[in-house]
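Written below as structure tokens is the structure these notes are about.
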6 protein chains.
Amino acid sequence: MRPSKRAADEMRAVSFERNVARYAEGSCLIKFGETHVLCTASLEDKPPMWLRGQGRGWVTAEYAMLPRATQTRTRREVTSGKQSGRTQEIQRLIGRSLRAVVDLQMLGERQITLDCDVLQADGGTRTASITGAWVALHDCLKWMRSRSIIRDMPLKDHVAAISCGIANGEAVIDLDYVEDSAAQTDANFVLTGKGNIVEVQATAEGAPFDEQQLQQMMALAKQGIGKLVDMQKQTVA
Amino acid sequence: MRPSKRAADEMRAVSFERNVARYAEGSCLIKFGETHVLCTASLEDKPPMWLRGQGRGWVTAEYAMLPRATQTRTRREVTSGKQSGRTQEIQRLIGRSLRAVVDLQMLGERQITLDCDVLQADGGTRTASITGAWVALHDCLKWMRSRSIIRDMPLKDHVAAISCGIANGEAVIDLDYVEDSAAQTDANFVLTGKGNIVEVQATAEGAPFDEQQLQQMMALAKQGIGKLVDMQKQTVA
Amino acid sequence: MRPSKRAADEMRAVSFERNVARYAEGSCLIKFGETHVLCTASLEDKPPMWLRGQGRGWVTAEYAMLPRATQTRTRREVTSGKQSGRTQEIQRLIGRSLRAVVDLQMLGERQITLDCDVLQADGGTRTASITGAWVALHDCLKWMRSRSIIRDMPLKDHVAAISCGIANGEAVIDLDYVEDSAAQTDANFVLTGKGNIVEVQATAEGAPFDEQQLQQMMALAKQGIGKLVDMQKQTVA
Amino acid sequence: MRPSKRAADEMRAVSFERNVARYAEGSCLIKFGETHVLCTASLEDKPPMWLRGQGRGWVTAEYAMLPRATQTRTRREVTSGKQSGRTQEIQRLIGRSLRAVVDLQMLGERQITLDCDVLQADGGTRTASITGAWVALHDCLKWMRSRSIIRDMPLKDHVAAISCGIANGEAVIDLDYVEDSAAQTDANFVLTGKGNIVEVQATAEGAPFDEQQLQQMMALAKQGIGKLVDMQKQTVA
Amino acid sequence: MRPSKRAADEMRAVSFERNVARYAEGSCLIKFGETHVLCTASLEDKPPMWLRGQGRGWVTAEYAMLPRATQTRTRREVTSGKQSGRTQEIQRLIGRSLRAVVDLQMLGERQITLDCDVLQADGGTRTASITGAWVALHDCLKWMRSRSIIRDMPLKDHVAAISCGIANGEAVIDLDYVEDSAAQTDANFVLTGKGNIVEVQATAEGAPFDEQQLQQMMALAKQGIGKLVDMQKQTVA
Amino acid sequence: MRPSKRAADEMRAVSFERNVARYAEGSCLIKFGETHVLCTASLEDKPPMWLRGQGRGWVTAEYAMLPRATQTRTRREVTSGKQSGRTQEIQRLIGRSLRAVVDLQMLGERQITLDCDVLQADGGTRTASITGAWVALHDCLKWMRSRSIIRDMPLKDHVAAISCGIANGEAVIDLDYVEDSAAQTDANFVLTGKGNIVEVQATAEGAPFDEQQLQQMMALAKQGIGKLVDMQKQTVA
């Protein structure tokens, strides 16, 4: 039995709320149970320095947690003067995931920054960030098209993400903080709307796992991400 | 006529929402019109290093803005490795303001950190922060008393704050971003529930102002803060 | 009775010494009793990056204390890699105060940096800095005019500053370190030669104060700053 | 045809050289073709601060590249004052991989740091680092046992790593820099001597990939890591 | 002919002023012509962390220049977040030079910090710093003895320093900024009162120099430092 | 008797290995006994920013030690966010030494960076770095000439360096770590192929030394550097 009484393949209640940030070109407050992430998309009319003059754009992401998103207060990263390795890993993952479904040529010499700020954290913040950031990005691109900044939507597909794990020897989906802390294996899957793989990261926290367990987690992820993509579709419909 | 069509002594719509952060000992989402600040109070069971062994506690504050709280995206402070002078001024002001109404002896050897994170910014973020942080602090202290960590409430009075300015030669209250940008004088008042002064900061942005104008702004502030204190009372009732 | 035996409205002995820094375009060693600040004005022939091409100039300030300006040695800020919040507040205040009396259009696309380095600190370093920096700035502008870099003096008025406080329930002027440490309220006033207000900052260190006390401090400040402005006039005559 | 003319399942020439660092408790210079990494193991007789008093030890890793390990000179990270996100990701991966095969209880309250310094870089530096660090770690533990610091070897298994990718639509193993730059998918596998999974990271650089391709890469990795583990056995025999 | 019209073996006018910093345990304002350095000695009643419990004390130094000590304004080091290599070299040299004449055992578990702050810079700031710091250190130790913190003076000898150079092919002493900028060779000598060598640093700025030139500079330095030591004796007499 | 049983004028076994870094324009692995330094020369086709447009080039150096080059592990400098004073002193010395024998005019608007990375440290790392860097620089310049980037070799002479010291009252050459730690005086000499002086640094670690001892060390250094220059000649022949 999972700590949350959920079935092995049962995700937490998921909700998307669009247009939550008055000034952003696109925004989405996504909730995976008690994990709440505010995703905003900000358009800048020039690409990063290293990409100037190549006719292509860029999509990047930044990730942070409010100090009291967590059970006990976490020190702000600015106080230590730099982002932790964990923060950098996560924001690099979010950026890569979104870029996988954007046609950077069609975007033109512009940059979109996806800020994923965790208001409340109960496990799965990076997968919620990717899933919510897609909506913010979509709305930003729509905003751009409505102003004729771009002619067509440079969005090739949906992208969404979910965590899986091996807990008590069984593959489970969408772990909350308590379950995640005790799991033997921690995995994150990022898939497209068509079900292709953008990123797989699976890590043994305790004992190494076997290939069959990886496949079980992959199966759960496919199913769960399918549902998330359906919800994205309804949200932006 | 003010850009917002408000009368000179008319504040924006103000609202307080308590218990918005699941894990914090006290929290309040305060809104002054389109300015939204999430205030949380976090209890730590020891005071800062420099105060150890003196039988007293401490109340401190940290302030930050989400990157897309603003009209155009603002760089995260962690990227430049340090807090700006503006951020430090504001968080020092919030901390001083709250400490003015707390009996640090009664608090005992503990520290409460008030995190004021601006989700959306339309002028007056520091005064909204102080006003909302008082509610978060109140609820944190009540939480402590309900668990017998403290016997009595170490809160001596209310504290709330409002901005005033001289715009088009006239004293006005609670300026939004547009009005603030054009104002000749920018002032912040922090008063207690009894109407005493905790802090006055008045700055000529353009031409210097005179004593009479300072008194006009003070009168507006007294009236406005009176209303804010009434709302605090209703909120925590 | 004040610790220094001075009357409530009696400032410490104040002196100005011009041309103390051989290489600076303007300089002044100002003393408020045992508080000694070396102020220099440095001209740069282009404005800061963000102001380029707008036909206006800029006046800015930096503030620091020698490590042994104080009773016990203070760590250099460079050792911790950044300026403290206090330092930033003070230098922003000095910059704002001086800009309030300069016509930045007349200055043209140039920048003047006022460095206020505290050689010895006995309270009131920020007010001494502002008062002395005005002389350094004046002499820098005169130097510029004498070399036909500018045609007319872009200095609209004098500006000077003094601290006041409530000590033992009574409003007093120009507090030294001992008195300041024990005062209930700490205030700084920056006024122009004409007696208008550039900046008022009043903070309750202990109990909140009332409006009448603010007015008493304001009255003391007006009188004191009047004397400081007279001394500035004699100094640059 | 691969740029290196190798078959799809053919790794580069791999060599291990032990005892290359005179002062380290264990060391190994590992070469995967033109990728050369110097791995050292350093014993410290206390665990990191956050683990004190828990009766367990810790294994951690640091990773860096010499400035001219690369085709064009890379700026030292110390010049920008912090490690890049990439460096932090890699050293966290190396540490996790080695900890997966160490009994931290048996290690006792000590820390072993594995430094992986890339002398020459031609792709696959992180997988070479993990594979070589195992030898340095083994030799460090043997050194400890020979001095009776520990009674038994706390090493539960081998661990080794290899990169795979999808290049020209085909799964290939152990990509060099040229092949890696052009590959559609980049994956790293960390497996134990028994063939279990410690970590899988697979990222679509261009088009997303499918589950079958993931399995093809996994099959290549299993075979390749089997050979690396055999070489580790011969090296420490 | 030297730019300053001085003879090859002629130093600039040198003066020492004691007790210039009200709060420091020892202080000296030293002038070598237009080079002015304020040296203070600060006593701390414990040694640096790494020396605790060894029964010995420590003498260290810090060096800085006011921003407008120089012909054109120099950026404060705190703005870039760290001391330059030049600053670190100089303060390490000052510390080593003073430690060479102090009996650290007799000093006991204490630390004396010598702050050398350059108020005005016209070449030779490091040699003026060493020479003036000796006086500040002497007075600090005397202060300690007068309060019975130490029984005997732990000062074994005088120490003073002077720069020499090869300018227009000729060895010259005590170069000012103009001469130093054009010199082929730049050398600094630190000698004790008995004429022994504490430090020699000689650097070819342009063409390498020969041993004979080194000896000529050494001869000049011996003579000059002899005079400086005589002045130190008169100053502290 | 020296700890290493060597005669007072006997250097350790010295070896040079060229072309050790596949991608660098020039490289040399130099060994002074157990001190091993990897020196690479990297060509950049523009000079540093401050030298642009002056028709001259620049030669600079960076120095670092691998964490386990030393007897006990040394923290990486990047972890503390900045280079130590020692590192900066050393790399400034290496850069100055090499520039002394390069015609920067002939080099043209380019920069060569000499990276000296200490793989193993047993005293004398800075002198080994200078001596080995000369070979790397020579090979880089030859590489440039062979590609007609320059017409003639801008190398005016050899440069090499050796340490000397006073140990047990006697002048000795090329101290290893053990001898260096106990020596009373530590000196480094940098001479050209013609025997002229580029840099002399002599420091009393304990008791000050006299002029005769300086001359004895200089004599040893001349002889030793003569041998090093001969070896450089054979290496690049």
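Residue numbering restarts at 1 for every chain, and letters A, B, ... go by the order of the sequence lines.
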### Message
Please identify, among A207(F), A202(F), G195(F), the residue contributing the most non-hydrogen atom pairs under 4.5 Å to chain E.
### Response
A202(F)

### Task
Taking all heavy atoms of P208(F) and all of V198(E), pick out the closest pair and write down the distance.
CG-CG2, 4.1 Å

### Task
Tell me, for L191(F) versus chain E, whether the close heavy atoms (under 4.5 Å) come from the side chain, the backbone, both or neither.
neither

Please list every donor-acceptor pair closer than 3.5 Å that links chain F with chain E, giving the two atom names and the distance for each.
from    : atom 1 : to      : atom 2 : distance (Å)
G85(F)  : N      : Q88(E)  : OE1    : 2.9
Q88(F)  : OE1    : G85(E)  : N      : 2.9
E89(F)  : OE2    : R92(E)  : NE     : 2.6
R92(F)  : NE     : E89(E)  : OE2    : 2.6
I197(F) : N      : F209(E) : O      : 2.6
I197(F) : O      : F209(E) : N      : 3.0
V198(F) : O      : A204(E) : N      : 2.8
E199(F) : OE1    : T203(E) : OG1    : 3.3
E199(F) : OE2    : T203(E) : OG1    : 3.1
V200(F) : N      : A202(E) : O      : 2.9
V200(F) : O      : A202(E) : N      : 2.8
A202(F) : N      : V200(E) : O      : 2.8
A202(F) : O      : V200(E) : N      : 2.9
T203(F) : OG1    : E199(E) : OE1    : 3.3
T203(F) : OG1    : E199(E) : OE2    : 3.0
A204(F) : N      : V198(E) : O      : 2.8
F209(F) : N      : I197(E) : O      : 3.0
F209(F) : O      : I197(E) : N      : 2.6
E211(F) : OE1    : K222(E) : NZ     : 2.6
K222(F) : NZ     : E211(E) : OE1    : 2.7

